[in-house]
K.L.:
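Shown below is the structure under consideration.
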Amino acid sequence: MTAETPSAKTDLNAPQQRAVSLPVTRPPTHGLILAGAGSGKTRVLTTRIAWLLSNGWARPDEILAVTFTNKAAREMTTRLAAQAAVNPHGLWIGTFHGLCHRLLRLHHRDANLPRAFQILDSTDQLAAIRRLMKTLGIDDEDYPPRELQHFINAHKEKGVRADGVETWDRISRGKAEIYAAYEAQCQREGVTDFAELLLRAHELLSRHEPLRRHYQERFRHILVDEFQDANRLQYDWLKLLAGGGAAVFAVGDDDQSIYAFRGAEVGNMRDFEREFADVRVIRLEQNYRSHGHILAAANALIQHNRERLGKELWTDASEGEPIRVYEAARDQDEAAFVVDEARALAREGIRQSQMAVLYRANAQSRALEHEFFARGVAYRVYGGLRFFERQEIKRALAYLRLIANPDDDTAFLYAVNFPARGIGARSLENLQAGARRMNASLHAAVASLSGKAAVAAGGFVRLIEDLRLETSGLPLPEQIAHVIERAGLAGHYQNEKDGRERLENLDELINAAAVFAGGEEGRRAEEAGGMLPAFLGYASLESGEHQAGEGEEAVQLMTVHAAKGLEFDAVFITGLEQGLFPHDNALPDARALEEERRLMYVAITRARRRLYLSFTQNRMLHGQVRYAAPSQFFAELPPECLKWLTRARTARPDAAFWRAGLAPFQRSAAIPESVEPAPEFPGGLELGMNVRHAKFGFGVIVDARGSGEETRVAVNFGNAGIKWLTLAYAQLEPAS
DNA sequence: TGGGAGTGCTTTTTT
DNA sequence: AGCACTCCCA
């Protein structure tokens, strides 16, 4: 039976074939593969690698494959391993950050880093900045730490050190000074942050000629996934590495660029074409994933963007089912709808793990989770609170970090008085002052204390020293288990009322360490002689999501960002309300709005067969009820692709309506809580209807309370805000 | 010093 | 709503 069918799945189409077998020449021919959603991008990448290897064009160690997320790197490794005759172990496959980390560990001396240097995650980084400002005595009113964090990272991502920052006034000079002080602090403590990994690795290679030559000559083929997400520094890093004549094979889709907010520059794709001598551009436009209606909707939507390289997806597949649209009164109802449908789909034979519920922001998951849980439908949430970011995990890691590197002040402060050992704020202030005087770490400054504080802090220093001695030579999981016990974390959480789950997580940490130590990275670290630092690095770079529950049969809940690169039989895109998706922050900015639209494009193209779009009239967010009109994206989708499960919103707001300044996601005036929601209200009006008011102009009815003559309605008038009006007096007219 | 109550801020997205 | 942070009392 199967032998008769031409196996479209294993054969490549013509452009794919051209990409995979792009000739290997000298000087090199580079490839820029513009690969639309669902056009077989990952397959082209992995097949290209297999092709290079099996035809003898390259040895495994001559290949470098870079991705942006750990998930993508794992995926690529798995798919390569599945291709016969390819042993993925010799290859360097990883994220930009992971590879730079690896490079820096190997050459920490040349990079001017201590052997056991650590990586601050964004929370740690913010804490470090706050601490720094305190030491410097800088008011955080003048310089909000978050802003500084962004300032520092943005500059690092452009490859700019503190001494290269352009300043023009007092504030910018101040920021540059703090940046410089932050660099010095990190250097003294032996820590890096995410952006530092890239910048440091770039500097290492650009300054150290023999090393640069070594890697330039080693990597003959550099393959890049999701190239549209590269920031300036990452692009420069590639350019540097490829400078010795390596062939670059970059795959990307400008329509799926959704990380401009953190520095990704789609412009890199144009620069690449210009700056690399011989670049072949190949477009992959045939979509193998989605049914016709879904693809048509995606195409129509993205056409509203102006800044595009131009590309239109097409498919052989039939139109398939229409996209179902559902309007709910509130977020709970939306969640109930999703769960109902998920169950129905399961009865039709779609596996739960093949269903995804997507949302714009993590905060939206709560209502959904609640409903899934209450109805006993298996689900799994990605993102949100990551494993390695949990409080108890960070506490345990802080002790481990101190064992590896006692100068890590961030870790010191996180561990020193937890569990409580009588080292309070006062002692710590003294300690920090001492450290500053001595220009030394807190750990080193403990000797400068006197009195009771000296005893307590000295005890802590001794504890760290003891832990180091007691665990040295032990296998990693046992080291961690010992630290958890001996540092008092286990005891502390045993006594805490909801400490059970935390203890379980700590066990999970030991587990994760065992897995790490047994895996390839662990083996590599073993050889390099630094298992603990390597594991700590891994913990910083890896969110730890795949640790538990991977591959379980459950409905997948995640943000749209997290869904990029994945595909599902059935997809629910929820919270399609103006102000939420697209998000408020993006509305005034045309470029940001285009990014929101690309995000929506990514969301739509995740679906193979079935797609649901849903929105609510009001939603509980940040503890407040907010009201909204349907997302403007509804007006950008072809009506013939949509099937409204609730009353069709024919009165779609047109462009002029939005321009009129309706800001539909504004905070409401207080709801009259005591009054029941209106069951119905007179005058031919209803919820969601566009109306006109003599004084306030156009608006949308977003809520109604009371009955009969007492009926009051909340109308969102955009700039004028939300007003509660008594229907009997307000003289509202329906408007289209 | 440490815990409990009170206050204000968050949340867009992630390595 | 939840969380971090501050303030106040045992």
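Because the structure is predicted, anything quoted here is derived from the model rather than measured. Residue numbers start from 1 in every chain, and the chains themselves are labelled A, B, ... in the order their sequence lines are given, proteins ahead of strands.
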K.L.:
Nearest heavy atom decides the nucleotide; on that basis, is A/His492 or A/Glu596 closer to the 5' end of DNA chain B?
P.N.:
A/His492
K.L.:
Rounding to an integer number of Å, can you tell me how far A/Lys71 NZ sits from B/dT14 P?
P.N.:
9 Å
K.L.:
So A/Tyr259, base contact, sugar-phosphate only, or nothing? Heavy-atom distance under 4.0 Å.
P.N.:
sugar-phosphate
K.L.:
For A/Arg146, which contact category applies under a 4.0 Å heavy-atom criterion: base, sugar-phosphate, or nothing?
P.N.:
sugar-phosphate
K.L.:
Residues in salt bridge (Lys or Arg N to Asp or Glu O under 4.0 Å) with A/Glu371, at least two apart?
P.N.:
A/Arg375
K.L.:
Whether A/Arg366 contacts B/dT11 is assessed here as follows: a side-chain N or O lying under 4.0 Å from the phosphate OP1 or OP2. Is that the case?
P.N.:
no
K.L.:
Select base, sugar-phosphate, or nothing to describe what A/Ser427 touches, counting heavy atoms under 4.0 Å on all strands.
P.N.:
sugar-phosphate
K.L.:
Whole angstrom is fine here: how far is it from CD in A/Gln125 over to P in B/dT14?
P.N.:
17 Å
K.L.:
Which comes earlier along DNA chain B counting from the 5' end, the contact point of A/Arg421 or that of A/His561, where each point is its nearest nucleotide?
P.N.:
A/Arg421
K.L.:
In whole angstrom, give the distance that lies between atom NE2 of A/His202 and atom P of B/dT15.
P.N.:
23 Å
K.L.:
Using 4.0 Å as the upper bound for N to carboxylate O, is an ion pair formed by A/Glu594 and A/Arg591?
P.N.:
no
K.L.:
Starting at atom CZ of A/Arg390, determine the distance to atom C1' of C/dC3, rounded to an integer number of angstrom.
P.N.:
15 Å
K.L.:
Run the ring-centre check on A/Phe412 versus A/Phe460 and record whether the distance is less than 6.0 Å.
P.N.:
yes
K.L.:
Taking 4.0 Å as the cut-off, does a side-chain nitrogen or oxygen of A/Asn417 come that near to OP1 or OP2 on B/dG2?
P.N.:
yes
K.L.:
Just call it for A/Ala420: base, sugar-phosphate, or nothing, with non-hydrogen atoms closer than 4.0 Å on any strand.
P.N.:
sugar-phosphate
K.L.:
How many Å lie between CD on A/Glu157 and P on B/dT14, as a whole number?
P.N.:
15 Å
K.L.:
In whole Å, I'd like the distance from the CG atom of A/Leu428 to the C1' atom of B/dT1.
P.N.:
12 Å
K.L.:
By the 4.0 Å heavy-atom rule, please label A/Phe68 as base, sugar-phosphate, or nothing.
P.N.:
sugar-phosphate
K.L.:
Which nucleotide wins on minimum distance to the side chain of A/Arg130, given the candidates B/dT15, B/dT11, C/dC5?
P.N.:
C/dC5
K.L.:
Is there a side-chain contact between A/Thr95 and the phosphate of B/dT14, meaning an N or O under 4.0 Å from OP1 or OP2?
P.N.:
no
K.L.:
Pick base, sugar-phosphate or nothing for A/His583, based on heavy-atom distances below 4.0 Å to the nucleic acid.
P.N.:
sugar-phosphate
K.L.:
Whole angstrom is fine here: how far is it from CH2 in A/Trp237 over to C1' in B/dT15?
P.N.:
14 Å
K.L.:
Compare the aromatic ring of A/Phe261 with the six-membered base ring of B/dT13 and state whether they stack according to the 5.5 Å and 30° rule.
P.N.:
yes
K.L.:
Are the side chains of A/Glu226 and A/Thr67 in contact, using a 4.5 Å heavy-atom criterion?
P.N.:
no
K.L.:
So among A/Thr559, A/Asp229, A/Asp253, A/Thr69, which one has a side-chain hydrogen bond (donor to acceptor under 3.5 Å, both in side chains) with A/Lys564?
P.N.:
A/Asp229
K.L.:
Expressed as a whole number of angstroms, how long is the span from A/Glu577:CD to B/dT11:P?
P.N.:
20 Å
K.L.:
Of all residues at least two apart in sequence or in a different chain, which pass the salt bridge (Lys or Arg N to Asp or Glu O under 4.0 Å) check with A/Glu75?
P.N.:
A/Arg79
